[in-house]
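Quick notes on the structure that follows.
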Amino acid sequence: MTFAQLSLSLIFVAIPLGLTLWLKLGLEKDIIIATVRSIVQLLIIGYILTFVFEADHPVYIVLMIMLMIGAATQNVIKKGSGIPGITWMVFFTLIAVESLSMLILLGFGIIPDEPEQIIPISGMIIGNCMVLSLLFLNKFKDEVERSDETIELILSMGGKPEIAIRKSLRSAIQTSMIPTIEGQKTMGLVQLPGMMSGLIIGGADPIEAVMYQLLILFLILNNAAMASVMVGYMAYPKLFNKKLQFVGLKYD
């Protein structure tokens with residue numbers, strides 16, 4: 001694809017822009033900003049990846065992954081306001097899930113030790129962990145705020161914090177995992193996944209594309225479980241003080 005062909009694809013931006021102007025939705029500024037940012041950010045990352053792939057050095061690969069983890073953490077912690085230490089919880093979770101995933105992928109020889117393989121797959125792992133952490137935190141905070149009286153009642157009757165918070169925690173974990181599980185059930189029937197479609201467009205054999213897509217689906221399922229469980233079990237103790245009293249969310 002040439003830059004001229006890419007510029008023609010801006011027609012797909014002009015259509016929603018025209019619709020929002022016509023319906024007076026007030027989204028014109030957001031659409032323009034999103035379009036410009038996506039162009040600039042993706043072009044920059046494209047040149048950076050070209051350099052990293054050509055250099056083929058572990059240091060650059062690690063730096064690239066840490067950059068993605070840092071950006072994802074910053075995006076998630078906005079939803080985690082009210083939970084002390086959420087920044088480090090999310091940061092640790094992303095590193096742990098990425099490290100375990102890569103240890104299995106590279107240790108068992110599932111993917112080759114090449115930046116062209118490691119970085120894109122790491123991006124998918126980190127990106128999905130980010131989305132799932134956002135889903136979990138959003139639901140968890142809502143559950144805690146709605147169940148604060150029930151939590152305090154259980155504590156007053158001698159219940160431990162883990163028992164008092166169990167229902168809210170499990171509900172939030174389930175909510176964050178369900179979209180991933182349900183999405184896998186219809187994969188290939190309702191939609192052709194992005195990675196599979198990209199490989200096929202790039203000329204890869206359809207069966208090989210399917211195998212790579214299945215790998216990503218299994219990784220995403222792992223992300224759904226690990227991210228929500230790790231963030232949840234690190235976050236809930238922060239809602240109680242040293243005397244095991246419920247203090248709830250702490251907004252500045």
Side-chain angles (χ1 to χ4, degrees), residues 38 65 68-81 83 86-87 89-108 110-111 117-144 146-147 165-201 204 206-236:
S38 63
I65 292 172
M68 291 188 287
I69 289 175
T73 300
Q74 286 299 314
N75 195 37
V76 174
I77 58 177
K78 297 175 184 177
K79 284 289 184 182
S81 59
I83 303 175
I86 191 62
T87 300
M89 294 176 201
V90 172
F91 187 71
F92 176 77
T93 297
L94 293 176
I95 288 179
V97 176
E98 164 68 10
S99 299
L100 177 62
S101 300
M102 281 298 143
L103 182 64
I104 294 172
L105 290 172
L106 297 174
F108 286 98
I110 298 173
I111 64 171
Q117 298 270 348
I118 295 173
I119 293 177
I121 291 177
S122 293
M124 295 178 194
I125 293 170
I126 296 166
N128 278 283
C129 278
M130 178 188 73
V131 173
L132 293 163
S133 296
L134 284 169
L135 286 173
F136 168 79
L137 288 171
N138 191 51
K139 179 63 176 179
F140 182 58
K141 290 171 63 176
D142 181 61
E143 285 286 335
V144 168
R146 289 194 298 107
S147 306
I165 202 74
R166 181 182 296 168
K167 184 178 179 181
S168 298
L169 185 60
R170 286 183 175 178
S171 177
I173 292 173
Q174 287 174 339
T175 299
S176 63
M177 290 185 64
I178 285 173
T180 299
I181 296 171
E182 292 301 318
Q184 284 199 16
K185 291 179 181 178
T186 59
M187 200 64 68
L189 296 175
V190 178
Q191 63 173 326
L192 291 179
M195 185 176 189
M196 176 181 167
S197 300
L199 287 170
I200 292 174
I201 292 172
I207 298 301
E208 183 180 2
V210 167
M211 293 173 69
Y212 265 96
Q213 187 61 60
L214 286 172
L215 167 63
I216 298 304
L217 290 179
F218 300 154
L219 279 172
I220 291 173
L221 182 60
N222 175 67
N223 297 345
M226 286 192 64
S228 54
V229 170
M230 287 186 67
V231 173
Y233 276 87
M234 284 191 290
Y236 91 77

Taking all heavy atoms of V231 and all of S133, pick out the closest pair and write down the distance.
-> CG2-OG, 4.1 Å
Are any non-hydrogen side-chain atoms of L169 and Y233 less than 4.5 angstrom apart?
-> yes
Answer yes or no: does atom CZ of R170 have more than 12 heavy-atom neighbours from other residues, nucleotides or ligands under 6.0 Å?
-> no
I would like to know whether F136 and T175 meet side chain to side chain contact (heavy atoms under 4.5 Å, CB included); could you show each step before the answer?
-> CA-CA 7 Å; F136 168 79; T175 299; over 6 Å; no
Residues two or more places apart in sequence or in another chain: which of them pass side chain to side chain donor-acceptor pair (under 3.5 Å) with S171?
-> E143
CG/L100 to CD1/I95 distance, rounded to the nearest 0.5 angstrom?
-> 13.5 Å
Beyond-backbone contact of T180 with N128, side-chain heavy atoms, under 4.5 angstrom | no
Might you work through the side chain to side chain contact (heavy atoms under 4.5 Å, CB included) test for Y212 and Q117, ending with a clear yes or no?
-> CA-CA 11 Å; Y212 265 96; Q117 298 270 348; 3.2 Å; yes
Could you check if a side-chain atom of L137 sits within less than 4.5 angstrom of a side-chain atom of I83, using non-hydrogen atoms only?
-> yes
So do the side chains of M177 and L135 get within less than 4.5 Å of each other, counting heavy atoms only?
-> no
Can you name the nearest heavy-atom pair linking A235 to F140, along with the distance?
-> CB-CE2, 4.5 Å
Report the distance from atom OG of S147 to atom CZ of R166, rounding to the nearest 0.5 Å.
-> 14.5 Å
Nearest 0.5 Å, what's the CG-CE distance between L219 and M102?
-> 7.5 Å
Of the non-hydrogen atoms in S176 and L132, which two are nearest, and what is the gap between them?
-> O-CD2, 3.2 Å
Side chain proximity check, I126 to V97, heavy atoms < 4.5 angstrom | no
Spacing of CD1 belonging to I125 relative to CG belonging to N223, to within rounding of 0.5 Å = 6.0 Å
Heavy-atom side-chain contact between V144 and I165 under 4.5 Å = yes
Interatomic distance, S101 atom OG to L215 atom CG [nearest 0.5 angstrom] = 9.5 Å
Test I220 against I216 for side chain to side chain contact (heavy atoms under 4.5 Å, CB included), laying out the working first.
-> CA-CA 6 Å; I220 291 173; I216 298 304; 3.7 Å; yes
Find out whether L134 and N75 are in side-chain contact, i.e. whether some heavy atom of one side chain is under 4.5 Å from a heavy atom of the other.
-> yes
Tightest non-hydrogen contact, residues M130 and L94, listed as N-CD2, 4.3 Å
Are I86 and V76 close enough that some pair of their side-chain heavy atoms sits under 4.5 Å apart?
-> no
Can you measure from CD (E98) to CD1 (I69) and round to the nearest 0.5 angstrom?
-> 5.5 Å
